[in-house]
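See structure below.
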Amino acid sequence: MSTPPRSRLEGRPPTPRLKAAEPAPAASDGGAPKVVGRKAVPTAVRPDQQTGDGRHSIAWLTITAPRGATPTVTSVCRCGRNLFAAGHHRALALIEDHTHHRNLCPLHTPQEGAAA
């Protein structure tokens, strides 16, 4: 038994057989080189060019209070503090504690000249 020959789709020319990969022809003869990357060029990571005022984030307070649901609060600081509270009273207490921590955090306040 042999398979019947495939019939062409009506109105479509037969597709050419696949060939091995060949380099694409250049779009134009001038300007761009045809081979890219002949030399190895060392790259370096450049510093961020954005100019700022010197401030950076140290502590984050995230408050989520959807209507009709339990409010949640997360207090995170670069000094290692990571606290979470759920419920109205606990959330308010953590917000107050986060504000108090901003005044005591060793990353936020300079320690030079502080009383031991």
Side-chain angles (χ1 to χ4, degrees):
M1 281 183 156
S2 63
T3 58
R6 292 186 185 185
S7 63
R8 291 186 355 196
L9 293 175
E10 198 172 311
R12 299 189 125 233
T15 57
R17 291 281 185 202
L18 297 177
K19 296 180 182 179
E22 298 174 1
S28 65
D29 290 335
K34 293 181 182 176
V35 179
V36 178
R38 287 187 179 175
K39 292 183 180 179
V41 178
T43 59
V45 178
R46 296 185 343 193
D48 190 9
Q49 297 297 322
Q50 295 178 356
T51 57
D53 56 2
R55 297 185 297 174
H56 56 277
S57 300
I58 293 176
W60 299 266
L61 182 67
T62 306
I63 303 170
T64 305
R67 181 176 293 182
T70 304
T72 60
V73 178
T74 304
S75 174
V76 179
C77 184
R78 283 190 176 175
C79 71
R81 173 188 173 99
N82 189 356
L83 300 175
F84 173 82
H88 185 72
H89 295 292
R90 289 183 180 177
L92 291 175
L94 184 55
I95 292 169
E96 185 177 332
D97 186 55
H98 178 83
T99 305
H100 182 67
H101 175 74
R102 287 177 48 194
N103 298 328
L104 300 177
C105 179
L107 298 176
H108 195 276
T109 57
Q111 294 298 315
E112 294 180 23

Notebook entry, point to check: Do Phe84 and Trp60 sit in the same hydrophobic cluster, where Ile, Leu, Val, Met, Phe, Trp and Tyr count as joined when their side-chain heavy atoms come under 4.5 Å apart?
Noted result: no
Next item on the list: Compare every heavy atom of Thr72 with every heavy atom of Ala86, then report the nearest pair and how far apart it is.
Entry: CB-CG2, 4.1 Å
Notebook entry, point to check: Looking at Leu94 and Val73, what are the two nearest heavy atoms and their distance?
Noted result: CD2-O, 3.5 Å
Margin query: Quick one, Arg81 and Asp97 - any side-chain contact, counting heavy atoms below 4.5 Å?
Written below: yes
Margin query: Working note: Cys77 + His101, criterion side chain to side chain contact (heavy atoms under 4.5 Å, CB included); need CA distance, chi angles, decisive distance, verdict.
Written below: CA-CA 9 Å; Cys77 184; His101 175 74; 3.5 Å; yes
Checklist line | Taking every non-hydrogen atom, the tightest pair across Ser75 and His98 | finding: OG-ND1, 2.7 Å
